[in-house]
Amino acid sequence: MRGLGISAGIGIGKAFVYKEPELNISKEHISDPEAELQRLEEAISKAAGQIDDLYEMTLKKTGKKEADVFAAHRMFLEDPEYLSYIKEKIIGDRVNSEWALREAADFYTSLFEAMEDEYMRARAADIEDVSNRLLRILSKAEQKELLLINEKAVIVAEDLAPSDTAQINKDMVAGIVIEAGGRTSHTAIMARTMNIPLVCGLKNITDIAKQNDFIIINGNTGEVIINPTKDQIVFHEKEAENIKRLQEELNKMKGQESISKDGYKVEVLGNIGTCQDVDIVMKNDGEGVGLYRTEFLYMHNDRLPTEEEQLAAYKIAAEKLGKKPLIIRTLDVGGDKGIPYLSIPEEMNPFLGYRAIRFCLDMKEIFAAQLRAILRASAYGNVKIMFPMISGIEEVRRAKAMVEEVKAELRKENLDFNEDIEIGIMVEIPSVAIHSRAFAKEVDFFSIGTNDLIQYTLAVDRGNQKVGHLYNQFHPAVLSLIKMTIDNGHAEGIRVGMCGEAAGDERMIPLLLAMGLDEFSMNASQILKARHVIKNTSKEAAEGILNAVLELPTAPEIESCIDENIP
Amino acid sequence: MFRKEATLSNETGLHARPASMLVREAAKYGCDIKIIKGEKQYNAKSIMSIMSMGAIKGDALIIQTEGPDAERVALELADFIENKIRD
């Protein structure tokens, strides 16, 4: 079976099937509201006792932060507004406590779910959790407590509530597999924080797996095996050991500088798609964000995001990063990234067509709104602007002129922004790489986008099965364009980074280090690995390899030269 | 009834911890305490009510108290909101 691997690692243990008892709440007319209120009070005091016990046990077993979930639950349980909502229903509508409770829970969860702040939205789960505890007590439905797990177990559940996850003892829980999906659910966030392997989205797993079945889950691949063979167990135990050892090695990279064996310092940053992704970058000790793809802001609605909505997102990212850089790339729409409501007509050749900066310079209002939001966010952190798909210097000048216009507007409106905000461009079209000396005089930094640079240099669509094999980052022409860009950037005194996949490639990193690349930006999960490679590479030795590589005429020869010379 | 204005000064606004600090503080007093933001009233002793307010730094809030010691409570709570809430 295969679900979605959400939290990495391999978990092996006995299945602990954790099912919410089914609660059938029906609306009943009651004749004695006083007696019903009494019933409710008793349930509340019993729930308070349970929550206090859970608080104490969690405090002892896991820690203060986890236990605080229950302190919050106590406050919810005793909340005067919530309780009077329930009591008014019981007295006014003459309904049973269960029904009144259900209505109160629905009212408050929908109130919180509608809030903009992610933290507040997550509180809906706590209200639901407390309400369910009361409902279980009222309906006399028992539930196994996760705290009772006392041997290595894999929890199998529909989903887990905050009060469930707070009880999890890391030493006993080898893994979690749930039916619900979602990378950003409470369970997903918690599992990643606690480093417990998690597989999501396996429908019916609570029916398929039986209590105490032996079970293996792989949080990297999403694989789940129930009652595995001996060979499968041995194989996965070894695999788990390897993953663990590698992760320990990489964790040592946290808090260290990205510095080569011979003392040459560079920076390793993360790429993000939403402002929340900053957390993952920080967790992996990224030295900033080298690429914030803003497309998602435009994609997740059926209309343009407003300036305020954009500002809110950029501001969160900027504030989370503090002094660390946040490079925001302006809208890179078109090509493979369509946004339906913009109704960009279908083109014969979308990758050579109306996209990114070409679209933005044409749709000035859309562009201006984004520039305003980015500039206003620059008051809250170390924000930089980056333009994608630049092919000529006129585009850079026009885009920069737009920035100046927007700055003038903001000044007039007395809105704060960083007057000296840095402006850079993506180097992803060969014309820019070739002519990079001239471009370097116009901007504050370069960021090489290797994915497009390779496709445009080699004229290869890598998604096309017939020609995809021609796509290769080690093509000598690609390497010389990268080197040329770095050399020209440095000759004009600007920093040069890279935000394509090549920046996180273990075999590419030594070459880039040798060329003098200043910033490596990649998916957050690759950051520590990249730092590990950098720390184990001597720039001087890499320069020797680079010189040899640059003499070679084909990509396969270059690749084998790297493989022979880099352990 | 007594009213006193206060400006929220902590960085994150009436978010998780600051919200529960305020509710715990309000719960110490016997009188009825409402917080008014814009057109709406919120119960200062209810965590759900206070969190649903979505108050952020710089928001002007009005504390409205009724009952025993109304004036003293309003002044103390205003001081609490302006100076004592920590993130």
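Residue numbering restarts at 1 for every chain, and letters A, B, ... go by the order of the sequence lines. Remember, it's a predicted structure, so these values are computed and weren't measured experimentally.
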> Of all residues at least two apart in sequence or in a different chain, which pass the side-chain contact (heavy atoms from CB on, under 4.5 Å) check with Asp277(A)?
Replying inline: Ile272(A), Thr274(A), Ile280(A)

>> Using heavy-atom distances under 4.5 Å, tell me whether Leu83(A) contacts chain B through its side chain, its backbone, both, or neither.
In response: neither

>> Taking 4.5 Å as the heavy-atom cut-off, does anything in residues 62-74 of chain B contact chain A, and if so which residues?
In response: none

>> Applying side chain to side chain donor-acceptor pair (under 3.5 Å), can you list everything that pairs with Arg74(A), at least two apart in sequence or on another chain?
In response: Asp52(A), Glu78(A)

>> Can you confirm whether Lys320(A) is buried at NZ, in the sense that more than 12 heavy atoms of other residues, nucleotides or ligands lie under 6.0 Å from that atom?
In response: yes

>> With side-chain hydrogen bond (donor to acceptor under 3.5 Å, both in side chains) as the rule and sequence neighbours excluded, what pairs involving residues 33-42 of chain B come up?
In response: none

> How far apart are the closest heavy atoms of Asp79(A) and Ile47(B), and which atoms are they?
Replying inline: OD2-N, 2.7 Å

>> Can you tell me which portion of Phe76(A) sits under 4.5 Å from chain B's heavy atoms? Options are side chain, backbone, both or neither.
In response: both

>> So, taking the atom named OG in Ser46(B) and the one named OH in Tyr85(A), what distance separates them when rounded to the nearest 0.5 Å?
In response: 13.5 Å

> Which atoms form the tightest heavy-atom contact between Glu81(A) and Asn43(B), and what is the distance?
Replying inline: OE2-ND2, 2.7 Å

> Closest heavy-atom contact between Phe112(A) and Met48(B)?
Replying inline: CZ-O, 3.6 Å

> So with a 6.0 Å cut-off around OH of Tyr55(A), is the heavy-atom count from everything else above 12?
Replying inline: yes

